[in-house]
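The first residue of the sequence shown is numbered 1, and numbering continues consecutively from there.
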Amino acid sequence: MRRFVWILAGALALAPPGLALKDPPPEKAVDSRSQDLSSEFDAFVQQALKEGLLSPVTPRDARPAAPAPNAGPADIRPAPAVTEDAPYTADVVDCSTPYPLDFSNYMPLERYSDLYEIANAIPDGARDKFSPELTRALIALDLAPEAASSAGRSSEADGVALRHLARLIEQRGAPATAYFAELARCHSDAGFWQGLALLSEGDADGARLVNDHLFVFRNLPLQLRDRVAFMAVPALDAIGDRTLAQKMLTTFNEAQVANSAQLTFAFAILGLGAGDKASEKVIEDFLLQSRFEEPALAALVRHKRPVRQIVRAILLEEMVTQIEFAQKDADVRGDLRFVLDELSRDSMYGPMMRLSDLPSMQTETAHEELVQALAATLARDLASDDRLRNLAAIEALLNEPGLLDKAPQRSALFETATNAAIRLGFGTLGEALAAKAEGAAGLADQRTLLAYRQKEYDTVFQLAERHPQDQGVQRIAAKAAIDRGERARLATYEKRLKLDPDTVLTLVEHDAATARWILSESVYRAAGALTDEAQRVRIARVMRLKPSIWPEYPEHEEAARLPVASIPGKLNQSRQALEQMKAEAAP
C-alpha cells in the first residue's frame, strides 16, 4: 500500500498541478480497496502540501491548457502568478461589501477531495481568474500557501481580505493587524482575526479580542479551527492565559484530537504548563519536526524544562542558521530567545555579539533583546566566584563593539569589570577597561590606584593631569610624588587638594613612613590643628619620629632632656610606630 502511495505521489509531483484533483474515470467501478487508497492518498496529499513537498502553484509563464476530452472536474489553479516585488493595490476596506471572511458555507469541508465540487462550479472562462470561493475553500482546508497564491495580487475586497488571512495563518511575515482592525470596524466578526494577529505578535490585547469573538472560532470549518488553535494556544500559554486556551480546545472531540498532530501538540502545551511529565515527553518528541520545532522549543524554554544536550546542540545550530538567513524584517524572536539562552549558559560572548551584524537582528525588538541578554550575562559572570567566567566577561567588555552604548547598565558593568581585573591582578586589562569606560564615575580613582600599586608612577602623574579636580586621584599622585621625592610635583598636588582631616593624615603618615619629610609646612600646620582625639594620637605618633618639625608641640621640650637609659625604649617605640604607619599607609 505505502509503495503504491509513493508511486502516485511521484506521479503527482511530475504532473501539472491541476491533474492532482482529477476524479477517477467514471466508467471504472470503485471498490472498497480503492476507497481506502483514496482516503490514504488524500491525507498524504494534504500533509505534503502543508510540508511544502508539493505545490499547485502555476509556473509564471504557464498558459491555460486546452480541456482534455472527457475531463473530470475543472483544474484547481491559482490566479496568474505575479512577481513578489510588485506593489499591492491599496488595501481600502469598503464597508458596503459583504463580509469577506465568512466561512459558514464551508463547514462540511474536511478533505482535499472536497474541493472537486467547488472547482467544477467555476465557469470555463474564469478558471485562470481569482475565485473567492476556491480561495476560501483552500483556507478552510488549512492550505494557506495555496490560498495566498490563489488570491494573487487581486485588488477585489475578497482578494485582499483572503490574502491577508492566508498569510496570517501561514505565519508568513508581519501580520496585517491594522488591516484586520479596519475590517473589524465594518464587520465585527473580523475582530477575531485582529485578535489572532495581535496574539501572533505576542500582544496580550489579542487574547481579549479572541475571547470576545470566540463564537467566530467555534463556527470555523474543522481544518481551519485546527490550524487556528495550533497558532493561538502556544501564544496564549506564553502570556499566561490558559483559560482561553482551554476554551478553544474544548471545541474538539477526542477523535479529532487523535487525528491531528497540531491539536495533540496544543494539548501538550497546556499540559506542560500544568507540570505534566507526559506532556513534556510529547513536546520533546515534536522538537525535531520542522513545523513544531520553534513553538516546542519556546514552550520548553518558557517553562524551564530541560532539553537533552545532544538535542540542544542540534537545535542551536539550526536556530543560528535560521537567524542568519532570515530577512531583515523577519520576526526571529522565538529562535533568538533559545539561541541567547544557550550562548549565555556557556558564556559564549563572541557568537552572541556577532549576531548583532545579521540582517534579521536590525529591528529594534531584536536588538533590544540581544542587548538585555548580553548585559544580564555580563552582570552574572562578573558577580560569579568562577574566575573563568570573570575573565570571559572582562574580555567580552574589551571586545564589545558598542552594543552597550545606550544600555543603562553600561557604567556599572565597566566599573565592576575594572574592579574585577584589579582584584585578579590583571592590571593591563583593568587599565584598558577603565579607558574604554570613558570616565565613568569612580573609575579614574581605580585606574590611578592600580597604576600606583604597580609602581607605574609616570602613569599616575599622567592621570593626575587628566583629572585635576578628582581629589582621590590627586591624593594618590601626592603619595607617588613623596615616594619619588619629587617636591615640585608634590607642591602642585598639594595646591589641588582640599586639606580635610583624612587627606592630611594620609599624606603626613605617608611622608613619615618614607622618612622623606618633604611635605610643605602648610600641611603640617593643618595636621597640628586637628582636634579629634583619635587624630591627635596619630599625629603624636608622627611627631615622635621627627620632633624637629614640631617645635611648638608640648612634648618636644621633654624630648630634649631624655635620660640615656630611656633612649632604647624610645627608639623601640619609634620603630613600632614607623612599622604601624607603613602598614596603614600601604594602599
- Item | Donor + acceptor pair across side chains of Gln223, Arg111 (<3.5 Å) | no

- Using distance alone, with no hydrogens and no angle criterion, decide if Arg380 and Ser347 have a side-chain donor and acceptor under 3.5 Å apart. yes

Donor-acceptor pair, [X] side chain versus [Y] backbone, under 3.5 Å?
X	Y	answer
Gln372	Glu369	no
Thr377	Ala373	yes
Glu146	Ser149	no
Gln362	Leu358	yes
Glu400	Gly402	yes
Asp346	Met348	no
Thr250	Lys247	yes
Arg225	Thr251	yes
Thr264	Val257	yes

Determine whether [X] and [Y] make a side-chain contact, defined as any pair of heavy atoms from C-beta on separated by less than 4.5 Å.
X	Y	value
Ser356	Leu370	yes
His367	Lys406	no
Asp241	Asn211	no
Tyr179	Val160	yes
Val216	Val210	no
Leu196	Phe180	no
Trp193	Leu101	yes
Leu162	Pro100	no

Once you round to the nearest 0.5 Å, how far does [atom1] of [X] lie from [atom2] of [Y]?
X	Y	atom1	atom2	answer
Arg354	Leu343	CZ	CG	9.5 Å
Glu133	Thr135	CD	OG1	8.5 Å
Leu109	Asp142	CG	CG	12.5 Å
Ser188	Leu183	OG	CG	10.0 Å
Ile139	Ile169	CD1	CD1	5.5 Å
Leu220	Phe103	CG	CZ	7.5 Å

Shortest non-hydrogen contact between [X] and [Y], atoms and distance:
X	Y	value
Arg345	Arg389	O-NH2, 3.1 Å
Pro234	Ala229	CD-O, 4.1 Å
Ala197	Thr177	CB-OG1, 3.7 Å
Ala235	Leu199	CB-O, 3.7 Å
Asp237	Arg242	OD1-NH1, 4.2 Å
Leu270	Ala245	CD2-CB, 3.8 Å

- Describe, in one word, how the ring planes of His187 and Tyr99 are oriented to each other, choosing from parallel (under 30°), tilted (30 to 60°) and perpendicular (over 60°). tilted

- Item | Parallel, tilted or perpendicular: ring planes of Phe286 versus Phe265, cut at 30 and 60 degrees | perpendicular

- Item | Residues Gln256, Asn253; criterion side chain to side chain contact (heavy atoms under 4.5 Å, CB included); working and verdict | CA-CA 5 Å; Gln256 291 168 344; Asn253 59 42; 3.1 Å; yes

- Derivation of the side chain to side chain contact (heavy atoms under 4.5 Å, CB included) call for Ser200 and Leu168: CA-CA 9 Å; Ser200 69; Leu168 171 64; 4.1 Å; yes

- Which pairs with one or both residues in residues 197-223 pass ring pair (Phe, Tyr, Trp, His ring centres under 6.0 Å), sequence neighbours excluded? none

- Task: Answer yes or no: is there an ion pair linking Glu284 with Lys281, defined by an N-O contact shorter than 4.0 Å?
- Result: no

- Could you check Phe230 against Phe292 for ring-ring contact (aromatic ring centres under 6.0 Å, His included), going step by step and ending with a plain yes or no? CA-CA 10 Å; Phe230 171 65; Phe292 300 94; 5.3 Å; yes

- Message: What verdict does the side chain to side chain contact (heavy atoms under 4.5 Å, CB included) test give for Leu378 and Leu374, after you've listed the backbone C-alpha separation in whole Å, the side-chain angles of each residue and the deciding distance to 0.1 Å?
- Response: CA-CA 6 Å; Leu378 287 167; Leu374 177 60; 4.0 Å; yes

- Check the pair Arg208 / Leu198 against side chain to side chain contact (heavy atoms under 4.5 Å, CB included), numbers first and verdict last. CA-CA 10 Å; Arg208 177 184 57 79; Leu198 289 170; over 6 Å; no

- Message: Checking side chain to side chain donor-acceptor pair (under 3.5 Å) between Arg136 and each of Asn105, Asp158, Asp102, which is the one that passes?
- Response: Asp158

